[in-house]
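Let me begin by presenting the structure, written as structure tokens, before commenting on it.
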Amino acid sequence: MELSKNFIPNETEARWYEHWLEKGYFKSEPDEREAYSIVIPPPNVTGVLHMGHCLNNTIQDILIRRARMQGKNACWVPGTDHASIATEAKVVQMLRERGISKSSLSRDEFLSYAWEWKEKYGGIILQQLRKLGCSLDWDRTSFTMDPDYSASVIKVFTDLYSKGYIYRGKRMINWDVKAKTALSDEEVIYKDAQSKLYHVRYRIDRPDGPEEYITIATVRPETILGDSAICVNPADERYKHLQGQYAIVPLANRRIPIIADDYVAMDFGTGALKVTPAHDMNDYQLGEKYNLEVIDTMNDDGTMSEAAGMFIGIDRLEVRKLIVPELEKAGSLVKIEDYNNQVGYSERTDAMVEPRLSLQWWVSMKKISGPALDAVMQNDINFHPAKFKNLYRHWMENIKDWCISRQLWWGHRIPAYYAPDGSYAVAASKEEALAELQQTQPALTAEDLRQDEDCLDTWFSSWLWPFEVFKGMSAPGNAEVKYYYPTSTLVTAPEIIFFWVARMIMAGYEYMGEKPFSDVYFTGIVRDKQGRKMSKSLGNSPDLLGLIDKYGADAVRFGIMIASPAGNDILFDEASLEQGRNFNNKLWNALKLVKMWEGRQSGDAVADSNFAVNWFGNRLSQVRAEVNTLLEQFRLSEALKTLYSLIWDDFCSWYLEWIKPGFEQPINAAVYQQTLVYFEELTELLHPFMPFITEEIYHLLREHKDDLCVKQQKENSTSDQHVLDAGELLKQVISALRDARNKNQIKPKDSINLQIRTADTASYQPIEHILAKQVNAGSIQYTQNDTVPGSIVVAVEKDKFFIESEQQVDAEALKANLLKDLAYQEQFLVSVQKKLSNERFVQNAKPEIIALERKKEADAEARILTIRQSLENL
RNA sequence: GGGAGCAUAGCUCAGUUGGUUUAGAGCAUCUGCCUUACAAGCAGAGGGUCCGCGGUUCGAACCCGUGUGCUCCCA
């Protein structure tokens with residue numbers, strides 16, 4: 001069969017993925033084997049595949065494919081996250097495009113649109129993962145709003161509530177005025193802003209005394225209408241006489257106290273702080289401390305409320321402009337300064353976030369986080385890289401309560417039911433809630449009850465993911481969860497270490513009594529070439545499917561993995577995909593070369609092919625052990641680099657060249673057969689990283705009934721160091737001779753005669769043919785002479801090589817080179833001898849280190865002698 | 001303001017309890033080759049004050065201190 005010039009990925013990939021699916025290789029059922037399970041970090045249903053997913057899922061696929069090839073029962077569970085706020089925003093936008101406003105719909109109507117949207121677009125990202133070659137068990141596809149899953153979320157809520165871990169409280173939260181919902185701290189993005197600092201004076205309320213003012217500075221003058229105090233530092237001499245007095249809020253004409261607290265920085269602004277407990281985090285705390293009035297001047301849509309007393313119904317940002325001339329008119333405005341600060345915006349809607357007082361549901365984190373901190377600190381759960389342990393500990397030790405309610409419709413509705421008098425019950429159903437409330441209010445009916453309007457934070461469902469995908473909560477103790485839980489490895493981004501990883505660990509211990517996973521691999525963030533985070537707004541996110549089309553999935557997997565150690569951000573550059581494609585091509589061409597020999601096998605042994613076969617076998621064993629160690633340490637990119645070099649350099653550049661027969665010459669059948677075995681073993685090692693091309697080559701090399709995808713990898717075997725050393729020496733000699741040819745401008749086609757002076761002729765005899773072929777030598781002889789007239793001398797270790805050629809020797813150039821080398825060697829010798837003459841070194845260093853230094857010394861001395869002799873001869 | 005991380009070749013990065021390191025790889029650069037697997041290739045080469053300073057040690061890219069620069073997280 002004719003093989004194409006280059007590897008053509010697209011058709012091959014589709015064909016093999018179909019085949020693997022058909023054979024059911026990705027399916028997993030509990031059996032007697034050891035389980036290796038991974039749950040996918042569920043992508044948002046709104047998502048499309050981007051570079052972050054590509055990296056993350058490639059890593060998971062590498063781990064799961066390797067486990068599968070090592071005889072473990074590998075199970076990789078796919079699924080998606082309902083992504084409350086992101087999805088609701090998408091649906092609202094879709095409705096707007098259809099001319100429908102969310103406020104015109106009932107909750108149920110809205111939800112039916114949302115489900116419609118989810119069914120239509122929610123699976124796109126999972127389809128895209130197939131293109132990447134991901135070996136997920138598709139029959140297990142889960143969704144965080146599946147019926148059982150939802151029931152479990154509600155069960156967890158009611159359970160935590162009954163344990164007293166969940167409470168309802170009025171707190172200052174970040175308010176998104178566009179989505180009309182609370183945001184977690186993590187969903188607020190701070191941007192630098194050029195603001196104005198308004199200096200406003202408040203008249204001291206002193207009906208009889210002299211007129212006096214106290215001046216405050218604020219960037220949000222509209223909040224003046226909600227002021228309930230002015231605070232100064234108790235040590236501030238400027239204001240000492242005013243402490244305990246009262247001031248009048250401009251425009252509002254309200255009388256507020258002047259209080260003193262260390263919180264106020266004397267050197268910031270005017271040193272006097274206006275306190276607005278309803279609209280500022282810190283002011284709220286001051287308000288609590290001094291029992292100040294809370295005046296909420298803002299509606300949920302960001303417009304001014306009745307309580308503001310003026311500008312009612314106008315947006316707060318508009319009011320910020322309108323209030324300035326009013327203050328000026330009232331004689332209260334002192335001055336306006338430019339001021340650079342950071343302003344929070346909603347991650348989802350980009351609305352300027354307003355701190356707002358709101359009644360929300362909370363999880364009391366200190367009560368549930370204990371075992372989760374210990375598990376990581378005691379390495380019961382291992383982080384890769386371990387440096388993230390510090391970050392984790394810091395957060396866990398300073399953990400704050402978790403606001404779990406969101407003012408959204410899409411998600412799990414909070415199972416709290418309110419009676420008309422405001423009392424409520426938390427229960428899995430309305431009926432149960434009614435029964436509970438009837439104990440104190442027997443006359444209540446179901447019609448009287450109203451369920452909480454809010455939904456739960458998305459992370460309140462995804463923290464159950466590692467066990468609920470196996471129905472560990474909805475069908476406790478079932479065979480699957482017993483078999484697959486705890487899962488083996490979680491692969492995720494460090495940015496969600498708190499949102500998700502920490503909370504999964506907490507939920508795991510709380511509900512399964514065990515950790516959710518043993519290892520956590522943190523990927524880096526994929527950035528563009530300039531180091532910027534990839535984002536839609538920057539438009540620097542490449543089209544992944546387009547890249548797969550252009551380079552092939554294997555090349556994309558290679559490109560994203562080759563320079564991405566765990567936990568390091570990667571600067572993505574298409575050039576690395578090109579490298580991957582070139583690697584594909586190299587493999588393909590090696591296949592073509594080997595296939596050319598298929599019909600040319602003969603029984604004749606080519607003398608020194610045995611050396612090559614023996615050497616590569618040992619080299620393969622050595623690298624296999626290295627790669628296995630690297631993979632066990634989760635050093636995936638190092639493992640891939642090692643394989644890349646084994647295949648490109650050792651296999652293609654050295655081994656295949658060493659065994660390659662002359663033009664249209666036969667190849668020894670045993671050598672050919674062993675070469676097939678080696679090539680297959682290489683595809684085996686590489687398969688987890690580049691599944692498609694390796695499967696293709698495996699089958700093209702020779703007929704196989706099995707597939708590489710499920711082939712069991714060969715176990716580690718030992719390698720013979722002497723053989724490896726002999727191979728290295730041969731490479732070194734070849735390179736040195738080629739270098740000498742190059743430097744002396746001997747054309748590649750020009751043949752040379754080679755004379756070798758060595759104490760160990762026997763070690764060269766088996767490799768004479770290889771050596772001759774690789775350096776284009778017409779003949780090889782051994783000599784006892786120190787010099788060969790008219791030749792170029794090359795020294796490798798203690799042996800000398802004399803190159804004789806037609807080419808005139810350029811004595812000057814040769815001399816210059818030798819002198820340069822001599823200087824280097826002499827300097828080297830000095831450094832080694834200095835070390836060896838240091839008594840403390842000889843006393844303290846390990847014996848093998850000293851032996852090594854002695855060898856260095858002897859080799860350097862031998863080389864220096866050779867160079868000196870050569871110089872004399874010139 | 002609090003905490004963490006990083007700094008190695010032109011670029012991107014390895015360097016795993018301090019000793020095969022006068023420091024490696026890929027890309028880029030330079031030289032020579034269209035050699036019947038591969039020019040998306042082959043054979044070679046050049047390129048480094050391991051951020052500065054101080055310390056520990058027989059020995060430091062690696063450990064400690066300090067300075068500088070960058071990044072991230074939290075407020």
Side-chain angles (χ1 to χ4, degrees), chain A residues 3 5-7 185-186 190 265 281-282 342 344 385-395 397-398 400 494-495 497-498 525 527 529 531 533 551 555 559 562-565 567-573 575-576 578-597 629-630 633 635 637-638 641-642 644-645 648-649 652-653 656-657 660 662-664 734-743 745-749 773-776 824-825 827-832 834-846 848-853 855-856 860:
Chain A
L3 295 175
K5 180 169 157 49
N6 291 328
F7 176 62
D185 290 345
E186 290 85 356
Y190 290 89
M281 300 281 178
N282 297 311
Q342 292 206 313
K387 67 179 179 185
F388 287 112
K389 274 165 77 176
N390 284 337
L391 184 67
Y392 180 82
R393 186 181 58 206
H394 188 253
W395 189 76
E397 284 174 349
N398 297 287
K400 284 178 276 177
E495 23 182 25
I497 188 169
F498 311 129
I525 297 165
R527 301 172 177 279
K529 241 170 143 175
K533 213 166 156 172
Y551 295 97
I562 194 67
S564 61
N568 272 32
D569 287 2
I570 54 175
L571 302 196
F572 178 75
D573 186 349
S576 67
E578 222 170 286
Q579 197 189 343
R581 183 197 57 190
N582 296 351
F583 186 38
N584 271 342
N585 204 37
K586 189 73 188 175
L587 283 159
W588 188 250
N589 276 291
L591 170 74
K592 276 166 64 184
L593 177 65
V594 171
K595 288 302 277 184
M596 272 175 49
W597 302 333
T629 304
L630 288 168
Q633 296 169 331
R635 296 170 64 194
S637 73
E638 282 292 304
K641 273 185 206 171
T642 306
Y644 176 80
S645 163
W648 198 302
D649 302 331
C652 293
S653 296
L656 290 179
E657 293 297 336
K660 193 189 218 172
F663 185 55
E664 290 185 345
I734 292 168
S735 291
L737 292 174
R738 282 172 172 171
D739 184 28
R741 287 184 59 120
N742 245 340
K743 287 207 169 108
Q745 279 140 21
I746 301 171
K747 294 259 175 274
K749 277 184 174 159
K773 184 163 64 178
Q774 294 275 279
V775 301
N776 193 13
Y824 177 89
Q825 296 297 345
Q827 214 184 328
F828 179 71
L829 183 64
V830 167
S831 80
V832 173
K834 205 161 127 196
K835 225 184 227 186
L836 284 167
S837 62
N838 182 336
E839 264 176 53
R840 310 240 303 248
F841 169 73
V842 181
Q843 276 165 17
N844 293 321
K846 283 180 264 175
E848 58 266 34
I849 302 294
I850 296 167
L852 192 78
E853 292 299 321
K855 183 177 186 300
K856 279 189 197 168

Looking at the side chain of [X], which of [options] is the nearest nucleotide?
X      : options             : answer
A:E638 : B:A14, B:A39, B:G19 : B:A14
A:Q633 : B:U12, B:C42, B:U16 : B:U16
A:K641 : B:G5, B:A14, B:C42  : B:A14
A:N838 : B:A40, B:U16, B:C58 : B:C58
A:N585 : B:G44, B:A40, B:C13 : B:A40
A:K586 : B:C27, B:G41, B:A40 : B:G41
A:R527 : B:G19, B:C72, B:G41 : B:C72
A:D739 : B:G26, B:A45, B:C73 : B:A45
A:L852 : B:U20, B:G41, B:G44 : B:U20

When you measure from the side-chain N and O atoms of [X] to the phosphate of [N], is any distance below 4.0 Å, counting only OP1 and OP2?
X      : N     : result
A:R738 : B:G44 : yes
A:K749 : B:G32 : no
A:W395 : B:A75 : no
A:S576 : B:U12 : no

Nearest whole Å is fine: how far is [N] [atom2] from [X] [atom1]?
X      : N     : atom1 : atom2 : result
A:I497 : B:C74 : CD1   : P     : 12 Å
A:L836 : B:U20 : CG    : C1'   : 14 Å
A:N589 : B:A39 : CG    : C1'   : 11 Å
A:W648 : B:A39 : CH2   : P     : 11 Å

Does the plane of the ring in A:W588 sit parallel, tilted or perpendicular to the ring in A:F7? Use 30° and 60° as the thresholds. tilted

What nucleic acid atoms does [X] come within less than 4.0 Å of, heavy atoms only: base, sugar-phosphate, or nothing?
X      : result
A:L391 : nothing
A:N398 : nothing
A:S637 : nothing
A:A575 : nothing
A:E853 : nothing
A:T629 : nothing
A:W597 : nothing
A:K660 : base

Could you check if a side-chain atom of A:K389 sits within less than 4.5 angstrom of a side-chain atom of A:R393, using non-hydrogen atoms only? no

Between [M] and [N] - [atom1] atom distance, rounded Å:
N     : M     : atom1 : value
B:U21 : B:A39 : C1'   : 35 Å
B:U29 : B:G10 : C1'   : 9 Å
B:U31 : B:U36 : P     : 24 Å
B:C72 : B:C33 : P     : 49 Å
B:C13 : B:A23 : C1'   : 14 Å
B:C34 : B:U20 : P     : 42 Å
B:G3  : B:G65 : P     : 15 Å
B:U16 : B:G54 : C1'   : 28 Å

Reading RNA chain B from 5' onward, which residue's closest nucleotide shows up sooner: A:N844 or A:P748? A:P748

Assign each of A:V832 and A:A736 to its nearest nucleotide of RNA chain B by heavy atoms, then name whichever residue's nucleotide is nearer the 5' end. A:V832

Under-3.5 Å donor-acceptor pair between A:R635 side chain and B:U16 base: yes

For the base of B:A37, is there a side-chain donor-acceptor partner from A:E657 under 3.5 Å away? yes

Crowding at CD, A:Q745 (>12 non-hydrogen neighbours, <6.0 Å): no

Is it true that, when you exclude A:E839 itself, more than 12 heavy atoms of the residues, nucleotides or ligands shown sit nearer than 6.0 Å to its CD? no

Please check if the side chain of A:K5 supplies one atom and the backbone of A:N589 the other of a donor-acceptor pair under 3.5 Å. no

From A:S831 OG over to A:K856 NZ, what is the distance, rounded to the nearest 0.5 angstrom? 7.5 Å

Stepwise, does the side-chain contact (heavy atoms from CB on, under 4.5 Å) test hold for A:R741 with A:L737? CA-CA 6 Å; A:R741 287 184 59 120; A:L737 292 174; 5.5 Å; no

Determine whether A:D649 and A:S653 satisfy the following criterion, side chain to side chain donor-acceptor pair (under 3.5 Å), listing intermediate values before the conclusion. CA-CA 5 Å; A:D649 302 331; A:S653 296; 4.6 Å; no

